[in-house]
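Let me begin by presenting the structure, written as structure tokens, before commenting on it.
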Amino acid sequence: MTVTDTIVAVATPPGVGGIGVVRLSGPQALPIARRLTRRAQLLPRHAHYGSFIDPATGESLDDGLILSFPGPHSYTGEDVIELQGHGSPVLLEAIVAAAVDLGARRARPGEFTEQAFLNGRLDLAQAEAVADLIHAQTEQAARLARSSLDGALATELEPVSRAIRDLRVIIEAEIDFGETDLESEAAADIARRADTLHTTIRELLERLRPARYFAQGLRLALVGAPNVGKSSLMNRLAESEVAIVTDRPGTTRDVLRSPIAIHGIPVELIDTAGLHASEDPVEKIGMERAREAATGADLILELRDLTRPDAVPDLAAPAEIPRLTVWNKMDCVADSTRADHGLRISARTGAGVDALKQAIVERLGVSEGGQQRFSVRARHLDGLRTTATHLAAIGAAAPPDLIAEELRLAERALDALLGRQDHEALLGEIFAGFCIGK
């Protein structure tokens with residue numbers, strides 16, 4: 001976007017609704033709105049009622065409210081106009097087309113929020129939180145995104161960034177003007193303070209890692225031998241008959257998916273075909289898809305059968321994927337015959353399912369509302385890991401130039417996390433995931 005561009009888009013979701021909003025932003029937003037509404041005066045932050053006029057024909061397209069938000073005190077930091085009319089996609093498109101005829105251009109996905117970031121109205125973490133808030137699938141996810149939008153991540157990182165800058169000032173001054181040997185007191189002090197910062201970042205990283213599940217969701221794969229109750233458990237967790245359940249082994253031949261929520265975490269629940277030795281070509285395809293689903297999961301829920309404890313699934317999944325063993329059909333066995341390990345549940349009666357949900361979040365290191373204070377993305381965790389790596393490389397015996405360079409790279413990683421550098425490709429990737437009109 002250039003400084004001369006004025007962008008326009010529908011800001012409400014696709015489809016029919018009671019109200020639809022068309023948003024304009026840029027230097028020509030107010031003149032275009034005046035021509036669309038034939039109103040010479042539009043008071044700031046005041047709702048005006050009027051008609052939206054087609055400039056080509058002079059006919060009324062719709063009527064509704066016109067609101068003006070002059071920059072820099074607007075969402076984007078520029079002049080912003082909102083036209084609120086009836087929620088007909090046809091009418092809203094006609095208003096957008098009329099604005100384009102008057103000199104605006106159609107906005108790219110996320111361009112309004114991108115402009116807010118470029119104009120300093122939001123940092124990059126806050127801008128990402130806008131998308132997280134829009135796409136939040138649970139109340140807890142929405143609360144964390146709201147906290148991020150308020151700048152919680154920047155507030156957490158700013159003291160670390162400031163401390164790194166202070167160390168850079170000391171080391172650069174010592175390199176340029178110091179008369180003492182840096183391998184003595186100054187270097188040792190910098191190393192101690194860098195080690196403290198490294199500990200702070202590592203603790204923050206450990207605390208925040210589970211929070212990404214609230215924003216990005218969790219893929220939970222149910223795997224096991226045939227007829228151990230995977231589909232029954234899926235129906236129990238989904239609270240709906242999403243999978244066919246019969247006493248016949250091998251009923252599930254393909255991968256089934258269902259969205260659920262566990263303790264505020266959006267979960268994609270994946271039911272898979274029973275894993276066992278078979279020469280049936282259809283079953284073999286289903287089992288291969290089951291293994292692929294398990295490989296792409298965040299957590300594997302391995303379901304076992306208390307009535308057949310020797311029925312073990314033929315699963316080869318990466319060791320780094322967490323796995324939770326669950327013993328089903330506790331309603332079918334006596335206490336004395338139960339397995340001595342693993343969680344015990346009954347997918348048929350629901351017994352033990354609440355304990356299973358708690359075990360899932362504990363296995364992932366997630367506490368409901370506990371230490372999660374804001375939404376976190378994988379990009380944020382990568383930036384923190386990079387910062388920690390550079391801080392860990394600083395030692396009292398390291399050459400001064402190396403210390404200075406590691407501090408510079410650590411600060412650069414934090415700046416990139418918050419968008420304080422010019423990363424055009426990164427911005428394009430982030431804002432492309434937004435909806436048009438936001």
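The figures here come from the full heavy-atom set of this structure, side chains too, leaving out hydrogens, waters and symmetry mates.
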Is it true that the side chains of Tyr75 and Thr113 contain a donor and an acceptor less than 3.5 Å apart?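 Yes, side-chain donor-acceptor contact under 3.5 Å.
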Answer yes if the side chains of Gln115 and Glu111 hold a donor-acceptor pair under 3.5 Å, and no otherwise.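 Glu111 and Gln115 do not have a side-chain donor-acceptor pair below 3.5 Å.
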I'd like to know if [X] and [Y] make a salt bridge, using a cut-off of under 4.0 Å between side-chain N and carboxylate O.
X      : Y      : value
Arg23  : Glu82  : yes
Arg106 : Glu93  : yes
Lys230 : Asp271 : no
Glu302 : Arg304 : yes
Asp415 : Arg412 : no

If you count heavy atoms of other groups shown closer than 6.0 angstrom to NE2 of His46, is the number above 12?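 Enclosed: over 12 neighbouring heavy atoms sit under 6.0 Å from NE2 of His46.
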For atom CD1 of Ile19, decide whether the heavy atoms of other residues, nucleotides or ligands shown that lie under 6.0 angstrom number more than 12.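 For Ile19, atom CD1 is not crowded (no more than 12 foreign heavy atoms under 6.0 Å).
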Closest non-hydrogen atom pair, [X] against [Y]:
X      : Y      : result
Val80  : Ser74  : CG2-OG, 3.7 Å
Asp298 : Pro322 : O-CD, 3.2 Å
Thr6   : Gln28  : OG1-N, 2.9 Å
Leu36  : Ala99  : CD1-CB, 4.2 Å
Ile260 : Ala238 : CG2-CA, 3.6 Å
Asp305 : Asn227 : OD2-O, 3.8 Å

Euclidean distance, Ile53 CD1 relative to Thr37 OG1, rounded to 0.5 Å: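 Between atom OG1 of Thr37 and atom CD1 of Ile53 there are 8.5 Å.
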To the nearest 0.5 Å, what is the distance between OG1 on Thr325 and CG on Leu343?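 Here the rounded value is 9.0 Å.
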Quick check: does any side chain N or O of Asn119 sit under 3.5 Å from a backbone N or O of Thr76, one acting as donor and the other as acceptor?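 Present.
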Give the C-alpha distance, both sets of side-chain angles, the deciding distance and a yes or no for salt bridge (charged side-chain N to carboxylate O under 4.0 Å, His left out) between Arg168 and Glu405. CA-CA 9 Å; Arg168 288 192 65 192; Glu405 178 64 8; over 6 Å; no
Give the intermediate values and the outcome of side chain to side chain donor-acceptor pair (under 3.5 Å) for residues Arg192 and Thr196. CA-CA 6 Å; Arg192 283 193 299 269; Thr196 300; over 6 Å; no
